[in-house]
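Data first, discussion second: the structure below is written as structure tokens.
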Amino acid sequence: MNLFAEIRSLVTDSLTALAAEGVLPTGLDFAQVAVEPPRDPAHGDMATNAAMVLAKPAALQPRAIAEALAAKLMLDPRVTGAEVAGPGFLNLRLAANVWQGVVKAALTEGLAFGKSSAGAGRRVNVEFVSANPTGPMHVGHVRGAVVGDALARLLAFSGWDVTREYYINDGGAQVDVLARSAYERYREANGLEPEIREGLYPGDYLIPVGEALKAKFGTSLLDKGEEIWLADIREIASDMMMEEIRGDLAALGVKMDVYSSEKALYGTGQIEAAIKALRDMGLIYEGTLEPPKGKTLEDWEPRVQTLFRSTAHGDDVDRPVMKSDGSWTYFAPDIAYHYNKVQRGFDELIDIFGADHGGYVKRMKAAVSALSNGKVPLDIKLVQLVKLYKNGEPFKMSKRAGTFVTLRDVVEQAGADVTRFMMLTRKNDVTLDFDFAKVLEQSKDNPVFYVQYANARINSVLRKSREAGIDCSDAALANADLAILGHPAEIAMAQKLAEWPRLIEIAAKGNEPHRIAFYLYELASEFHSLWNKGNDDHSLRFIQEGNAATSSAKIALARATGVVISAGLGILGVTPVEEMR
RNA sequence: GACUCCGUAGCUCAGCCGGAUAGAGCGACGGUUUCCUAAACCGUAGGCCGCGUGUUCGAAUCACGCCGGGGUCACCA
């Protein structure tokens, strides 16, 4: 149930009726007609801009349209007031039972309340994390992981068929470095002094890899050159790192549906096929790029390379797919990988990248646009940096100083739930401060706590009510006499609940999971406010001593709020807590 | 130099598919208790929405140009 959508339908139906009566011209486009909560609640319960949007195409005064529409809307029993205001807004007041109906809907629909079918079962692929398999995940990866996972959940809730995917960058030079680093640990495992040269990965996490290599190869590789062992060790080491990464993701509550390997693209003709597809479109050519202006490259020299004409699809310059020595650039397998996703039949692709990949967006979109004939949209979300703080002091990460903060560190110190929520309290394109001291604080400074506290209060009410012998099943509460919920504070609570389905629609449309975190905060605030009003006005308390009917209605409101909080936290991947003690 | 993101209250940030008097938290000041507990609530103060031009009935929101800050910038991934 989406009340805003229902009222919008009522508005457009009324407009159609007015057109049939000759009051309005026929054939008007209602696409711009919106029904929204007014900024100022004093204006009413809902507002529509219909008259202003249609004034011009209908060649009528906005107020004339608004008045005709108002009269029409007043015929519907749900509408108790329709008032023309300002330049032509139509402010609507809805009957109390409409809002009470929202409470009932939340109780009967449960966690499915607010679910939308906007996705219509279409298939969307959300690619995120995609870290190199060269070590455990660090704090920088956490935000992308959380945003991607929450987005995936949001889209699933909105009726999309979602695939979560991790692209393993195991094809490039950095896995060679991993292999060489692991080889040193293998020597170490055999009692030799490891030579962790400049450029190798020094982390302790490779020691177990060395042990594993010793267990498998004994001493047989000790006196061999890398041409003998590189390929084998590369595979073993990156497999072990991927195991580590899967564990890291699991600790954060993230589960991928598909792991795709870059390396697996090589030698299978997939890269060649993707490039050929572009070549057939006339988008591949041999050429020389101009040096970038303004930035002096000392070793710049003109080179003939195989280039992708990405400028034909909105990029600023064409991009190399092949190096001057004839090997593929990183971009080539990436094109092949996205081509693969297109061929798998996805209706939409989403990539979550770190902000340092900003320069990559246009070329990737160009490639997907070309390879899908513009049919498959690719949305790329750039996730900005996370700045770590400890006790208010900025905390610099350094591998050398041993202050390297891993995902595990964060999860162990803050907990997966808190980490996830905090990572979603900013929109993706803004840097985020993460203060270890603050996220654990139990006060309204900390939005996670604030929302969880509201839920704990709700559960406390339910617990006490059950002890008092009231049937608190959702079915029983849904059948309570909800007409009792007539106080403005209670109606306001129900109105906030009514926004939930609309919020989901907006968040899913823009791929913006952070909106849910903000909404939950507002919802919790509304609830805490209502709760405290019960201190002054005991008739607003949820449990009304000796009056089971009244109690049931009020408890229903609390429970409905709890349902939405649980649903919202569920999309964020956060576990709702029952009590705070 | 190009591309991109950001610029909203003292601070940290929402809002930005155009809508009415621009919101929240923190910080400051004043007040209210206990159904989960003041871990919360209520109120007061605080704003050329970076600047300018344009589009529009209407611009924090859209377009363009500046200014300031972050990120990125051929054969790294």
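Letters A, B, ... mirror the listed sequences (proteins, then strands); counts begin at 1. Because only heavy atoms are used, hydrogens play no part in the values below, and waters and symmetry mates are left out as well, while side chains stay in.
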Nearest of B:rU4, B:rA39, B:rA14 to any side-chain atom of A:Tyr453? B:rA39
Can you measure A:Phe527 atom CZ to B:rA40 atom C1' for me and round it to whole angstrom units? 11 Å
Angle class for the A:His514/A:Phe518 ring planes (parallel below 30°, perpendicular above 60°, tilted otherwise)? perpendicular
When you compare the side chains of A:Gln174 and A:Asn169, does any donor N or O come within less than 3.5 Å of an acceptor on the partner? no
State whether A:Lys427 places a side-chain N or O below 4.0 Å from either non-bridging phosphate oxygen (OP1 or OP2) of B:rG15. yes
Between B:rU53 and B:rG47, how many Å separate the two C1' atoms, rounded to a whole number? 23 Å
From CZ of A:Arg515 over to C1' of B:rC13, roughly how many Å is that when rounded to an integer? 14 Å
Anything under 3.5 Å between a donor and an acceptor, one on a side chain of residues 356-366 of chain A, the other on a protein residue two or more places apart or in another chain? List them.
from, atom 1, to, atom 2, distance (Å)
A:Lys362, NZ, A:Asp316, OD1, 3.2
A:Lys362, NZ, A:Asp316, OD2, 3.4
A:Arg363, NH2, A:Gly359, O, 3.3

With C1' as the reference atom in both, quote the distance from B:rA74 to B:rA9 in angstrom, rounded to an integer. 46 Å
Taking the six-membered ring for Trp, is the centroid-to-centroid distance between A:Tyr339 and A:Tyr337 below 6.0 Å? no
Please list each protein N or O that sits under 3.5 Å from an N or O in nucleotides 56-60 of chain B, with the distance.
from, atom 1, to, atom 2, distance (Å)
B:rC57, OP1, A:Lys56, NZ, 3.0
B:rA60, N6, A:Arg39, NH2, 3.1

Counting only N and O atoms by type, is there a donor-acceptor contact under 3.5 Å from the side chain of A:Glu262 to the main-chain atoms of A:Gly171? yes
Do A:Ser529 and A:Lys533 get their side chains close enough for a donor-acceptor pair, meaning under 3.5 Å? yes
Tell me which of A:Ser525 and A:Asn132 sits closer to the 5' end of RNA chain B, going by the nucleotide each one is nearest to. A:Ser525
With sequence neighbours excluded, what pairs up with A:Tyr259 under the ring-ring contact (aromatic ring centres under 6.0 Å, His included) test? A:Tyr166
Sticking with atom P, work out how far B:rG10 lies from B:rU72, rounded to a whole angstrom. 31 Å
Toward the 5' end of RNA chain B, by each residue's nearest nucleotide, A:Lys438 or A:Thr431: A:Thr431
Check if the side chain of A:Lys509 and the base of B:rC17 share a donor-acceptor pair of N or O atoms closer than 3.5 Å. yes
Rounded to whole angstroms, how far apart are NE2 on A:His538 and C1' on B:rU32? 12 Å
If you measure from the Lys or Arg side-chain nitrogens to the Asp or Glu carboxylate oxygens, is any gap between A:Lys341 and A:Glu165 under 4.0 Å? no
If you measure from the Lys or Arg side-chain nitrogens to the Asp or Glu carboxylate oxygens, is any gap between A:Glu490 and A:Lys554 under 4.0 Å? yes
Compute the centroid of each ring, for A:Phe527 and then for A:Phe542, and state whether the two points are separated by less than 6.0 Å. yes
The side chain of A:Tyr521 lies closest to which of these nucleotides: B:rG25, B:rC42, B:rC35? B:rG25
May I ask you to evaluate whether A:Ser529 reaches the phosphate of B:rA40, defined as a side-chain N or O under 4.0 Å from OP1 or OP2? no
Tell me which pairs pass side-chain hydrogen bond (donor to acceptor under 3.5 Å, both in side chains) where either residue lies in residues 303-315 of chain A, with sequence neighbours left out. A:Glu286-A:Thr306, A:Ser310-A:Asp315, A:Thr311-A:Asp318, A:His313-A:Ser369, A:Asp315-A:Arg319
Assess whether one donor atom and one acceptor atom, taken from the side chain of A:Glu579 and the base of B:rC36, lie less than 3.5 Å apart. yes
Picking from B:rU4, B:rC13, B:rA20, which would you name as closest to the side chain of A:Pro38? B:rA20
With hydrogens left out and only the distance checked, is there a donor-acceptor pair under 3.5 Å joining A:Asn535's side chain and the base of B:rA40? no
Assess the residue pair A:Phe434 and A:Phe436 against the criterion (ring pair (Phe, Tyr, Trp, His ring centres under 6.0 Å)); give the C-alpha distance rounded to whole Å, side-chain angles, the decisive distance to 0.1 Å, and a yes or no. CA-CA 6 Å; A:Phe434 192 93; A:Phe436 281 104; 5.5 Å; yes
In whole Å, what separates the C1' atom of B:rG15 from that of B:rC62? 16 Å
Heavy-atom contacts under 4.0 Å between residues 315-325 of chain A and RNA chain B, which residues? A:Asp316, A:Pro320, A:Lys323, A:Ser324
From the options B:rG15, B:rG19, B:rC41, select the nucleotide whose nearest atom is closest to the side chain of A:His514. B:rG15
Between A:Tyr519 (OH) and B:rG23 (C1'), how many Å, whole number? 17 Å
Inspect the contact between A:Lys496 and A:Glu499 and indicate whether a charged nitrogen and a carboxylate oxygen are less than 4.0 angstrom apart. yes
B:rA22 and B:rG65, which share atom name P, separated by this distance in whole Å: 30 Å
Spacing of the C1' atoms in B:rC11 and B:rG19 (rounded, Å): 30 Å
Taking the minimum atom-to-atom distance to the side chain of A:Asn532, which one of B:rC41, B:rC17, B:rC35 wins? B:rC41
Rounding to an integer number of angstrom, what distance separates B:rA59 and B:rC49 when you compare their P atoms? 13 Å
Considering only heavy side-chain atoms of A:Ala47, the closest of B:rC35, B:rA40, B:rA20 is B:rA20
From B:rA20, B:rA14, B:rC35, nucleotide with atom closest to A:Ala85 side chain: B:rA20
Among B:rC41, B:rU33, B:rA77, the nucleotide that comes nearest once only the side chain of A:Tyr360 is considered: B:rA77
Please classify the nucleic acid contact of A:Leu385 as base, sugar-phosphate, or nothing, using heavy-atom distances under 4.0 Å. nothing
Does the aromatic ring of A:Trp531 sit over the six-membered base ring of B:rC35, closer than 5.5 Å centre to centre and tilted less than 30°? yes
Does the aromatic ring of A:Phe89 sit over the six-membered base ring of B:rG19, closer than 5.5 Å centre to centre and tilted less than 30°? no
Against the side chain of A:Leu382, the closest entry in B:rC42, B:rU4, B:rC13 is B:rU4
Starting from P on B:rA77, measure out to NE2 on A:His338 and report it in whole angstrom. 16 Å
Reading RNA chain B 5' to 3', how would its secondary structure be written in dot-bracket notation, given Watson-Crick and G-U pairs with both distances under 3.5 Å, brackets [ ] for crossing pairs and | for partners on other strands? (((((((..((((.....[...)))).(((((.......))))).....(((((..]....))))))))))))....
A:Asp429 CG to B:rA14 C1', straight-line distance once rounded to whole Å: 13 Å
Please determine whether a side-chain nitrogen or oxygen atom of A:Lys362 lies at a distance below 4.0 Å from atom OP1 or OP2 of B:rU4. yes
Which of these nucleotides, B:rU32, B:rG70, B:rC35, is closest to any side-chain atom of A:Asp536? B:rU32
Taking the same atom, P, in B:rA63 and in B:rC76, what whole-Å distance lies between them? 36 Å
Could you check how far CE of A:Met364 sits from C1' of B:rC3, rounded to whole Å? 17 Å
To the nearest angstrom, how far is A:Leu540 atom CG from B:rU33 atom P? 16 Å
At 4.0 Å (heavy atoms only), tell me whether A:Phe518 reaches a base, stays on the sugar-phosphate, or touches nothing. sugar-phosphate
